[in-house]
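Just so we're on the same page: letters track the sequence lines, and every chain starts at 1. All figures in this text were calculated on a predicted structure; none of them were measured in a lab.
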Amino acid sequence: MTLPVPLVFERDNVNDESVVLVRWLAKHGEKVEANALVAEIETSKANIEVPAPQAGYLVWSFPEGTDVPVSTPIGYISAVPPTSGFQLEVSSAENPASATSRQIKEEQLVSSARPSRLSGRPPAEASMEQEFRTSTPYRQRFSPVAARMMEAHELNAAIFAGKSVVRKQDILDYLNPPAVVMEEAVPARRNIGATKITQPYREIALSKMKRSEGRSLAAGVGNAVQSAVSVTCFTQGIRRDLDARAKNVNTSAIIVYEVSRLLRKYPNLNATYRADKMLQYEQVNLGYAMDDGRGLKVAVLQSCDTLSLQQISAVLRELTMAYIEDKLTPVQISNATFTVSDLSGLGVSSFYPLISENQGSILGVGGEQFPPGSTYGFYTLTLTFDHQLSDGRTAALFLNDLKSRLQGYEETSKENFCSQCGRTAGQLAERASSLLLSASPEGYICTLCAAGY
Amino acid sequence: MSANCTSGFTIGEVLKGSELPSPRLLEKALGIRLFEQRLLKLFGEGRLFGTVHTCIGQEWTGVALSEHLEQGDMVFSNHRCHGHYLARTGNYLGLVAEVMGREAGICRGRGGSQHICDGNVFSNGIQGGIVPVAAGMAYAKALRGSQEIAAVFIGDGTLGEGAVYESLNIAAKWSLPLLVVLENNLYAQSTSQALTLSGEIEARADAFGIRTMKSDTWNPLRLIDTMAEAVHYVRSERHPLFLRVDTYRLMAHSKSDDNRNPVEVAGYWERDLLFRAAKEFPELMAPIEERLLAKLDAAVEEAESSPGSQALKSPQPDPLTAWTETEFDGGERVVNRIYEGLRRALERDPAVVLLGEDIEGPYGGAFKVTKDLSQLYPGRVNNTPISELAITGIANGLALSGMRPVLEIMFGDFIMLASDQFINHAAKFEFMYAGQLRTPLVVRTPMGGKRGYGPTHSQSLEKHLLGVPGTRVIALHHRYDPAMVYDRLLGGNVEVLPTLVIENKILYGEKASAQAVGGFKWFHNGDDFPLSYLRAEAQPDATIVCYGGMLLDVEKAVERLFSEHDLVVEVLCLMQLYPLQENALLPIVRRGTKVLLVEEGHGFCGFTAQLMASLYELDPSLVMRRVYSDPQHIPSARPLELSILPDVDRIVEKTLELVQ
């Protein structure tokens with residue numbers, strides 16, 4: 001499956017900071033031909049019409065009338081119809097990064113009163129009693145490397161307001177803000193195991209990725225006082241059922257969905273320890289560990305608690321594809337606040353996951369085990385947590401909460417469901433929708449999916 | 001005895017009585033002699049330090065001149081100046097206190113014996129250099145249309161100095177009211193005239209069309225009459241005159257260095273009028289001597305008991321940290337802005353006078369800076385002969401007389417010809433004369449290469465004149481209006497210091513404006529000759545410090561470093577090279593802590609070497625590198641010249657080295 005292709009147009013005025021999306025000429029989800037006109041935009045010079053770069057399904061990223069920054073695509077052409085309806089307040093699921101960047105931008109505006117944070121320098125520098133007032137503002141410019149990075153990460157130039165010259169390092173600092181004014185969380189790794197080895201061995205260099213993985217885990221472990229709690233969940237085969245029916249919703253998505261909401265109820269698990277303080281994260285960015293043998297990567301669903309189940313499914317699919325194609329971008333693997341590690345596919349019953357760098361807990365999901373001949377099986381959920389921030393009781397409460405929610409899905413799995421979106425008859429009834437028998441895709445399709453939302 | 005010392009009459013005739021000078025005159029002359037003898041005695045007793053050059057035997061020259069001076073007349077003397085001073089002022093106390101290093105001294109002990117200034121009598125220990133200064137003083141009188149004159153005392157040894165001839169040439173050509181009195185005592189320190197002087201003394205002045213007269217000190221009354229005629233001529237004709245006075249120094253050059261034939265010396269003692277008068281007319285001379293000795297004793301006693309010279313305080317002005325965005329109506333070439341500044345100065349202040357080679361319109365200067373100023377302000381913008389030393393000295397004389405001279409030295413490479421006047425005269429007047437007067441000298445000159453003018457017309461020699469206390473050196477650039485700089489320098493609100501202004505040839509054609517590299521802006525601080533700062537709203541990776549013409553290449557380097565290497569480099573462009581305000585630089589260079597120092601000239605003992613030392617002394621944590629010219633002479637062939645002088649590539653390269 002190919003990634004969606006962004007809509008682009010000729011920049012006729014290099015000084016334009018944004019363009020106005022006057023109106024869409026085709027609907028969200030509509031199938032369009034190549035070169036068909038899909039939108040009308042207004043630049044500082046003229047109104048121009050935007051053609052579709054190829055045939056496919058039009059995906060809107062913004063509603064009509066929006067002032068869209070020039071670095072952000074107004075929409076995409078997708079090979080498949082978009083699974084979610086166009087929601088006005090947030091950009092589509094196809095574009096999680098811009099949601100993040102918007103939120104981060106809002107944070108930056110708040111913190112712009114403290115420019116020293118942006119520049120990464122200690123505040124003492126600002127006490128140089130010299131003022132540099134100007135009658136006209138500086139002209140902001142980006143170095144060629146920085147300009148390319150801005151495009152790649154879909155960042156808005158306004159992020160760097162107050163910086164007149166922006167370099168690659170500035171962008172990197174923005175994307176990975178250093179621990180400002182705080183001490184090093186992790187003491188330098190001690191060289192444990194320095195005793196002499198007395199048997200023959202072969203020296204093999206560890207890959208950069210493996211070394212980096214090791215460092216990150218060591219950092220997480222070193223910073224946390226780890227303990228773990230497990231619960232056993234009974235199942236009648238939910239995983240099998242869910243994964244078999246809807247292509248779009250599976251147990252992974254459900255676990256991610258439920259965990260991210262639960263973390264709002266248990267904020268101490270969405271935090272990290274620093275110098276006698278708990279830093280509670282304001283966002284829930286859920287990291288989903290992936291490893292198909294090519295290396296462990298944790299793909300991040302930003303602001304996961306704000307995404308619907310369908311959106312989460314879509315993002316997980318996208319991240320998986322990116323992982324397989326080795327195209328995970330820096331944005332997609334950074335800023336996780338909590339990690340879910342699912343080893344059920346490997347037949348693991350339970351395991352003790354390690355807390356990652358800058359986090360405070362991690363959920364390990366084990367595989368279903370069925371006693372021979374029984375229709376009832378069980379699987380284990382393990383939560384490793386940092387005892388400096390929470391405790392066994394909290395962890396237990398969290399796990400039990402999660403267990404009961406997952407149990408809820410068991411009950412609904414026997415109902416008929418839409419093979420496209422996975423919603424059950426019961427859920428559809430709430431939306432004044434119904435299930436239709438479908439030949440393609442085989443099974444049932446709800447009226448919502450049939451209409452193309 | 002050589003022909004030059006015959007006097008044409010006998011002592012006996014003089015001592016007949018009818019030709020003896022009056023007691024008043026005798027007292028004057030004897031007072032000088034006793035004073036000088038007392039100094040030698042004090043030295044012998046260890047109550048004096050330093051040195052003196054006594055004028056024993058030559059007293060009558062000073063006495064004779066003093067008889068005809070008006071109050072506003074200036075006298076400039078040399079190391080052997082006590083007689084010239086005492087004859088005019090009679091200030092034994094002030095002079096002995098000066099030699100003794102006391103606050104009560106006429107120069108508060110700063111100048112000592114040979115650097116005096118009081119009652120319009122000046123002296124300096126550089127005998128050739130005083131002649132053009134005196135000529136400048138005479139020139140000021142001519143410009144003001146007064147009836148006063150300037151007189152300068154030289155020795156026969158001084159005739160070896162080129163400054164004398166340059167000055168005589170100009171004095172004659174410009175018709176300056178300058179009286180040159182040559183005390184011909186046959187010796188220059190230890191060297192007899194016969195060994196050093198070729199040709200005739202008067203012939204030298206004749207060659208310039210200057211009237212000459214001749215006299216001697218063995219017939220003081222005749223000398224006084226001759227002096228009267230000479231002074232009258234200069235005063236009324238407003239033209240120089242060269243008066244040769246034959247005489248003989250009866251004591252050593254300074255304290256005891258006398259290698260002359262004792263028989264010769266003894267012979268002159270026998271001819272000396274005061275010596276003979278004391279022997280032949282004791283009833284006349286003894287009471288005079290007694291009176292004078294009492295006066296001297298009192299003066300010496302008072303001087304010795306007065307407080308010693310106070311320690312000097314050199315106040316370090318606080319760096320003015322108020323920064324202002326640089327904004328001015330840009331777009332005109334630097335050369336036109338300089339013109340504008342000079343024109344405004346000429347307009348505003350009648351004391352401003354421009355001198356230089358080829359500066360008059362319509363030619364308007366080698367680099368067309370002065371253009372039509374001579375036509376706009378006739379008589380105040382004047383071409384000079386090719387005499388860098390003399391014209392600088394003349395400018396000094398003008399400055400001492402309260403004018404504001406602006407001297408153009410056509411190429412900075414020629415500045416060394418003027419360096420004596422800058423270092424030994426201009427820089428020192430205010431100090432050694434204990435602040436009695438200022439020297440508002442301005443010398444402007446273009447430095448720098450890249451025009452293919454070759455080794456002696458492309459240099460950056462300013463480093464050789466940096467660091468002389470009592471001076472100021474500034475370098476113009478195109479990011480701060482040169483017209484403003486001249487407004488300030490010639491306007492009177494800044495400290496009056498002899499100032500060397502470096503203009504860079506390459507900059508003449510550049511447009512002066514506050515235009516900055518994209519993403520940056522120009523600021524300047526509150527100093528009179530401000531520090532300019534190219535600033536970005538970002539954390540810089542490094543800072544470049546430069547001045548003058550190199551700013552062009554530095555700006556190009558900043559652009560390249562950002563667009564090709566993703567580095568933000570800020571720039572500090574100095575205008576005032578000396579005195580250096582390193583405290584003003586410090587907070588800015590600390591923003592990046594990596595500093596590149598750039599100059600066009602040679603690096604050995606160059607300005608960047610000083611900068612590096614100064615900044616390191618203030619903050620050893622700074623990491624610094626320098627860019628300067630290859631240690632070679634500058635060839636004329638263009639590609640070769642460009643490869644030797646620092647350029648954008650070298651600046652970029654060195655910055656990358658610094659940052660990585």
Side-chain angles (χ1 to χ4, degrees), chain A residues 14-15 17 108 112-153 155 157-175 177-178 180-181, chain B residues 318-330 514-527 530-543 558-572 583-593 619 659-660:
Chain A
V14 291
N15 288 327
E17 298 289 359
Q108 291 299 346
S112 68
R114 289 168 284 151
S116 59
R117 291 201 73 201
L118 265 179
S119 61
R121 271 285 185 137
E125 279 291 311
S127 69
M128 207 171 68
E129 297 204 356
Q130 304 187 1
E131 272 190 342
F132 294 91
R133 274 182 298 223
T134 60
S135 60
T136 57
Y138 285 74
R139 173 164 87 82
Q140 188 183 52
R141 61 186 288 212
F142 294 78
S143 71
V145 176
R148 284 195 292 276
M149 287 183 77
M150 291 291 285
E151 271 197 58
H153 293 268
L155 297 176
I159 291 167
F160 297 103
K163 239 192 223 304
S164 66
V165 279
V166 183
R167 299 156 279 192
K168 170 176 154 187
Q169 190 58 48
D170 297 317
I171 298 181
L172 289 176
D173 286 344
Y174 167 79
L175 293 172
V180 176
V181 202
Chain B
D318 286 321
L320 295 175
T321 55
W323 292 91
T324 318
E325 190 187 356
T326 309
E327 288 171 310
F328 63 93
D329 289 328
Q515 191 177 44
V517 173
F520 291 77
K521 272 189 182 285
W522 277 107
F523 291 83
H524 58 270
N525 74 349
D527 290 327
L531 181 59
S532 285
Y533 174 30
L534 183 67
R535 177 187 172 88
E537 277 187 321
Q539 181 59 37
D541 296 296
T543 315
V558 166
E559 175 59 44
R560 253 177 63 183
L561 285 162
F562 183 67
S563 53
E564 292 174 24
H565 301 277
D566 213 47
L567 292 171
V568 173
V569 179
E570 293 185 332
V571 178
L572 281 166
N583 284 312
L585 297 168
L586 196 61
I588 311 290
V589 298
R590 273 182 168 154
R591 266 164 63 82
T593 73
D619 187 348
V659 170
Q660 278 136 20

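When heavy atoms are compared at a cutoff of 4.5 Å, B/Phe562 approaches chain A by way of both its backbone and its side chain. For a residue to count as touching a neighbouring chain, one of its non-hydrogen atoms must lie under 4.5 Å from one of that chain's; by this rule B/Glu564 does not touch chain A.
Atoms OG1 and CZ, from A/Thr134 and B/Arg535 in turn, are 10.0 Å apart once rounded to the nearest 0.5 Å. To the nearest 0.5 angstrom, A/Lys163 atom NZ is 7.5 Å from B/Gln539 atom CD. Note that CG of B/Asp541 and CZ of A/Arg167 are 4.5 Å apart. Values are rounded to the nearest 0.5 Å.
Between A/Val165 and B/Gly518, the shortest heavy-atom contact is CG1-O, 4.1 Å.
In this structure, the side chains of A/Phe132 and B/Lys521 stay at 4.5 Å or more apart for every pair of heavy atoms. You'll find the side chain of B/Val517 reaches within 4.5 Å of the side chain of A/Arg141, heavy atoms only.
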